[in-house]
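Before any comments, here is the structure.
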There are 2 protein chains.
Amino acid sequence: MAETGTTTPRERYRAQVQAEIKERAWEQIAAAGASALSLNAIAKQMGMSGPALYRYFAGRDELITELVRDAYRSLADAFRAASAAGGGLTGLAHTLRDWALDDPQRYFLVYGTPVPGYHAPDDVTTIASEIMTALLDACADLPADGPPTPLAAHLEGLGDQWTTGHPAPPAALHRALTCWTRLHGVLSLELAGHFNGMGFDPTLLFTAELDTLTGASAN
Amino acid sequence: MAETGTTTPRERYRAQVQAEIKERAWEQIAAAGASALSLNAIAKQMGMSGPALYRYFAGRDELITELVRDAYRSLADAFRAASAAGGGLTGLAHTLRDWALDDPQRYFLVYGTPVPGYHAPDDVTTIASEIMTALLDACADLPADGPPTPLAAHLEGLGDQWTTGHPAPPAALHRALTCWTRLHGVLSLELAGHFNGMGFDPTLLFTAELDTLTGASAN
DNA sequence: TTGCGTTCGTTAGAAGTTGTAACGCAGACC
DNA sequence: GGTCTGCGTTACAACTTCTAACGAACGCAA
């Protein structure tokens, strides 16, 4: 509390306004998706004029980029906490699911439909590799099962490209990739509502997939 | 050819213009995503004024809905052809992948980030169930392996809800769901570019997942 | 306490979007 | 040939993002 650093009152005010802008932006995104985000509406909500927001963000794109950054950081933090708690791959998976269900549009901001021209800034990919590292560590802890796959051979030595210089056995790389794609497959379809009206509980499908990832009995 | 039905010249012209509008719309979507679709730009491309398009589509939303419908129909047709060709689940999977790679934004229009308020019209869900039926049939043809899963028990008798009155064994339901989510998991992350710079071939990951779905050796 | 300078919020305006309304023309049908 | 339906137009309203110029307030420093 006392350690606010060497921040001038102006800087503190600026940070506070920026935070409120992002908060309103998240509300709008949760309500109507990222494409419906309107700077004007945010400004009106905050009781100020439209162009005022340009003192805080260069434009709509920069605001969204900042939100994407925050979303990545949020997931990375959740993963770090889960890793520290020692829940293993199961803990990581449930952390991911909870994080996704907590704000579906935030999940889609990270893993959803990309805009063709857009290229994420470097620090975002850095956070993404941090997330991958946590997943890879959890996968490396599991005992190897079955014979080495052809894909694993193809993956040989690629681990330090994904993460920050992090050697891992090819089988762990394969398993991490599989975890990622399978859990994302269930989650994204569930969040998008593609299971609506099918009459089953998506939670069971998620845990079933998780079981194939961690359990000895595969499928 | 000769059988154009009882179409007046006006109707034929109208259908032709509508088709060209959709064609331009697909070009725009492929270039910059669905959120960047502009009726004005389409009109300018076609050499007419903006409001003229409203003779053919009630608005932007209706045009996009129509494109979504076409996308679903396109995938359903591709699946029907693959089923007729007798390629089995493997054929279906490669059909899906080819269809997705052919126009990533079209794939995302079907399986990508949903707009919170939007609800798909009934006929779209009908086509979706047709797609599910093809997948379910291919899964039912495969021999059952392993013990019945808890999820399969939960899925008991749900098949005729997804498809059009199509009884299927629970194990096939579970396998169909797993196919869907796993293939979508790999495909959507690949198309979104999340594998970029990781140095491996996404095709191998896709086929590896497909092998776990069809092959006897599971993982 | 008295300036000074940075920063903020304002209004005005350009250029774009979706969508509506009213008008004229032209093609189709009787 | 007359009538009627439908198409494309321009004009306009209400939005959007974003720039430019102005004034006021605030923090800092002398």
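Sequence lines set the chain letters: A, B, ... in the order given, protein chains first and strands last, and positions in each chain run from 1.
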OP1 or OP2 of [N] versus the side-chain N and O atoms of [X]: is any pair under 4.0 Å?
X     : N      : result
A/S49 : C/dT11 : yes
A/S38 : D/dC15 : no
A/R14 : C/dT7  : no

Separation of atom [atom1] in [X] from atom [atom2] in [N], rounded to whole Å:
X     : N      : atom1 : atom2 : value
B/E20 : D/dG8  : CD    : P     : 11 Å
A/L37 : D/dC18 : CG    : C1'   : 15 Å
A/K44 : C/dT11 : NZ    : C1'   : 16 Å
A/I42 : D/dT16 : CD1   : P     : 11 Å
B/R12 : D/dG6  : CZ    : P     : 16 Å
A/Y54 : C/dT7  : OH    : C1'   : 19 Å
A/E11 : D/dC26 : CD    : P     : 18 Å
A/L53 : D/dT17 : CG    : C1'   : 11 Å

Looking at A/H154 versus B/F200, is the centre-to-centre ring distance below 6.0 Å? no
Side-chain donor/acceptor pairs under 3.5 Å, residues 91-102 of chain A, sequence neighbours excluded:
{"unit_1": "A/H94", "atom_1": "ND1", "unit_2": "A/T90", "atom_2": "O", "d": "3.2"}
{"unit_1": "A/T95", "atom_1": "OG1", "unit_2": "A/G91", "atom_2": "O", "d": "2.7"}
{"unit_1": "A/R97", "atom_1": "NH1", "unit_2": "A/T203", "atom_2": "OG1", "d": "3.4"}
{"unit_1": "A/R97", "atom_1": "NH2", "unit_2": "A/E190", "atom_2": "OE1", "d": "3.0"}
{"unit_1": "A/R97", "atom_1": "NH2", "unit_2": "A/E190", "atom_2": "OE2", "d": "2.7"}
{"unit_1": "A/W99", "atom_1": "NE1", "unit_2": "A/S74", "atom_2": "OG", "d": "2.7"}
{"unit_1": "A/D102", "atom_1": "OD2", "unit_2": "A/R106", "atom_2": "NH2", "d": "3.4"}

Measure from the side-chain heavy atoms of [X] and tell me the nearest of [options].
X     : options                : value
B/T8  : C/dG9, C/dC29, D/dT9   : C/dC29
A/N40 : D/dT19, D/dT16, C/dT20 : D/dT16
B/P51 : C/dT10, D/dT10, D/dT16 : D/dT10
A/Y13 : C/dG9, C/dT10, D/dT9   : C/dG9

I'd like to know if A/R10 reaches the base of D/dC26 with its side chain such that a donor and an acceptor end up less than 3.5 angstrom apart. yes
Over 60° means perpendicular and under 30° means parallel, so classify the ring planes of B/H194 and A/W180, tilted if in between. perpendicular
Hey, are B/T65 and B/Y118 close enough side-chain-wise for a donor-acceptor pair under 3.5 Å? yes
Would you check, one step at a time, whether the test salt bridge (charged side-chain N to carboxylate O under 4.0 Å, His left out) holds for A/R14 with A/E11? CA-CA 5 Å; A/R14 184 179 177 81; A/E11 284 173 339; over 6 Å; no
Closest approach of A/V186 and A/F195, non-hydrogen atoms and distance? O-CE1, 3.8 Å
Euclidean distance, A/L204 CG relative to B/L177 CG, rounded to 0.5 Å: 11.0 Å
Sequence-distant partners of B/D103, side-chain hydrogen bond (donor to acceptor under 3.5 Å, both in side chains), two or more places apart: none
Pick the nucleotide of DNA chain D nearest each of B/M48 and A/P9; which residue has the one closer to the 5' end? B/M48
Toward the 5' end of DNA chain C, by each residue's nearest nucleotide, B/L39 or A/V17: A/V17
Residues in residues 55-66 of chain B with a heavy atom under 4.0 Å of DNA chain D, by number, are B/R55, B/Y56
